[in-house]
Amino acid sequence: MLVEDNVKSMGTVLIDGVANAEKTQSHETDIKINELLKHLNKPPTKTIEINPSLFNKRDVVSSKSKNEWTWQKSGSCPQGTVPIRRTSREDILRATSVEQFGRRDGSAGSGTIDYAVIHTDYAESIFYGAKGRINVWNVYVEPNEWTHSAIIVGNDNNKNHAFIEAGWSDPATPKWWVSVNGDPVGYYPDSIFPPLSFTNASIINWGGAVLNRRNGGRHTSTEMGSGVYARHGVGESAFVERCEISEDRSRGSTGFHWPVNFSPHMSHPDCYTAVQAMRVVKGKRGMWAFFGGAGGAGCDVGS
């Protein structure tokens with residue numbers, strides 16, 4: 001009986017120890033979350049409450065002008081300011097850790113990265129920027145995966161790799177800037193790039209990518225673009241409108257123009273596709289990149 005009491009007592013101590021450790025860890029996590037929220041959520045000039053039900057899968061961002069955004073049904077921003085969604089505690093808790101919040105896992109890890117893009121890279125030129133109008137859809141994403149639509153500029157010299165999503169370089173600065181509707185938003189700090197400078201690019205992609213963790217040993221059902229193949233075109237497929245590049249001006253190129261050489265690159269064409277097309281809209285001719293797909297079990301068989 002005495003032995004049984006001792007065992008019970010030891011068990012109680014162990015359980016209490018675990019509980020205390022969990023409380024300490026939870027308290028430390030709360031501190032980190034509060035510090036991060038304070039850092040991310042700067043004092044606003046105006047707060048707008050948005051009803052999430054206003055958004056649906058058929059919200060096509062690039063087809064709307066500045067005065068037609070869905071969120072503006074709930075209010076508008078003062079002149080000279082931009083809308084920024086405030087981060088909540090629940091947003092942070094959905095990440096794998098506080099430190100990982102806001103950072104997409106760029107490595108494949110236990111899975112692979114599937115892509116479908118329109119790609120350009122030719123040896124006779126270097127790039128200082130790329131642009132286009134991206135439309136964004138609300139699609140299905142499996143747990144612990146991601147999907148994105150992006151303009152990607154990169155530098156790959158077989159020794160150092162650097163890629164950023166959406167940006168243009170200012171040779172006078174030099175820094176990689178992001179602009180929306182022609183207005184500069186900010187630039188990527190030098191500290192996030194490899195030791196060698198990243199002042200120009202050798203690769204540009206327009207399209208999408210998906211992190212495929214192969215949950216259950218099957219190809220993911222995470223959707224890319226709008227969730228349908230590129231061939232369906234405007235109104236159904238996701239696209240980047242008027243894809244353009246900025247090249248080395250010392251070689252006779254001025255401003256932005258569509259690329260001369262481009263082609264679709266797809267990791268698994270039966271899962272996700274990309275096609276390019278020259279289209280004329282309102283009298284302006286330009287190159288469009290269509291991309292997307294639904295993925296699904298077995299779509300990569302034979303690819």
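Just so you know, residue 1 is the first one in the sequence shown, and it goes up from there.
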If I take atom [atom1] from residue [X] and atom [atom2] from residue [Y], how far apart are they, to the nearest 0.5 angstrom?
| X | Y | atom1 | atom2 | answer |
| --- | --- | --- | --- | --- |
| Ser26 | Glu28 | OG | CD | 9.5 Å |
| Ile151 | Trp206 | CD1 | CH2 | 8.0 Å |
| Phe262 | Asn205 | CZ | CG | 13.5 Å |
| Ile203 | Ile152 | CD1 | CD1 | 10.0 Å |

Nearest atoms (heavy-atom pairs only) where [X] meets [Y]:
| X | Y | value |
| --- | --- | --- |
| Ser226 | Ser237 | OG-CA, 3.5 Å |
| Gly225 | Ser149 | CA-OG, 4.2 Å |
| Ala274 | Pro264 | O-CB, 3.3 Å |
| Glu236 | Val228 | O-CG2, 3.2 Å |
| Ala130 | Ile204 | CB-CG2, 3.6 Å |
| Phe127 | Glu247 | CD2-CG, 4.1 Å |

Quiz item: Which pairs, with at least one residue in residues 135-154 and sequence neighbours excluded, count as a salt bridge (charged side-chain N to carboxylate O under 4.0 Å, His left out)?
Solution: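 Found Glu142-Arg218.
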Self-check item: Distance-only side-chain donor-acceptor flag, His219 / Asp300, under 3.5 Å
Solution: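 Their side chains do not contain a donor-acceptor pair, so the 3.5 Å distance test is not met.
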Quiz item: Side-chain donor-acceptor pair under 3.5 Å between His268 and Asn212, yes or no?
Solution: no
Practice problem: Please name all residues satisfying ring pair (Phe, Tyr, Trp, His ring centres under 6.0 Å) with Phe291, sequence neighbours left out, ordered by chain then number. | Solution: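 Testing Phe291 for ring pair (Phe, Tyr, Trp, His ring centres under 6.0 Å), a comparison that skips the adjacent residues, returns none.
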Quiz item: Who pairs with Tyr115 by ring pair (Phe, Tyr, Trp, His ring centres under 6.0 Å), at least two apart in sequence or on another chain?
Solution: none
Exercise. State whether the side chain of Thr147 and the backbone N or O of Glu223 hold a donor-acceptor pair below 3.5 Å, judged by distance alone.
Key: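 Yes: the side chain of Thr147 pairs with the backbone of Glu223.
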Are [Y] and [X] co-members of a hydrophobic cluster defined by side-chain heavy atoms under 4.5 Å apart?
| X | Y | answer |
| --- | --- | --- |
| Met266 | Val210 | no |
| Val117 | Tyr229 | no |
| Ile126 | Val260 | no |
| Ile31 | Leu36 | no |
| Ile245 | Ile134 | yes |

Decide yes or no for [X] and [Y]: does some side-chain heavy atom of the first lie under 4.5 Å from some side-chain heavy atom of the second?
| X | Y | result |
| --- | --- | --- |
| Leu211 | Thr222 | no |
| Ser202 | Asp121 | no |
| His148 | Met224 | no |
| Trp258 | Arg242 | no |

Quiz item: Take atom NZ in Lys42; do more than 12 heavy atoms of anything else shown fall under 6.0 Å from it?
Solution: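 Counting neighbours around NZ of Lys42, more than 12 heavy atoms of other residues, nucleotides or ligands fall under 6.0 Å, so yes.
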Quiz item: Any salt bridge between Glu241 and Arg279, counting N to O under 4.0 Å?
Solution: no
Quiz item: When you look at Ile33 and Leu93, which way does the side-chain contact (heavy atoms from CB on, under 4.5 Å) test go after all the steps?
Solution: CA-CA 8 Å; Ile33 290 175; Leu93 289 174; 3.7 Å; yes
Quiz prompt | Partner residues of Arg89 under the side chain to side chain donor-acceptor pair (under 3.5 Å) criterion, sequence neighbours left out | solution = Asp30
Quiz item: Hey, which of Lys131, Gln276, Met287, Arg133 is the one that makes side chain to side chain contact (heavy atoms under 4.5 Å, CB included) with Cys243?
Solution: Met287
Self-check item: Test of ring centre spacing under 6.0 Å for Phe239 and Trp288
Solution: yes
Practice problem: Not counting sequence neighbours, which residues clear side chain to side chain contact (heavy atoms under 4.5 Å, CB included) with Ala230? List them please. | Solution: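 Testing Ala230 for side chain to side chain contact (heavy atoms under 4.5 Å, CB included), a comparison that skips the adjacent residues, returns Thr273, Val275, Phe290.
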Self-check item: Test side chain to side chain contact (heavy atoms under 4.5 Å, CB included) applied to Thr87 - qualifying residues, sequence neighbours left out
Solution: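 With sequence neighbours excluded, Thr87 shows a side chain to side chain contact (heavy atoms under 4.5 Å, CB included) to Leu37, Leu40, Asn41, Asp91, Ile92, Phe101, given in chain and number order.
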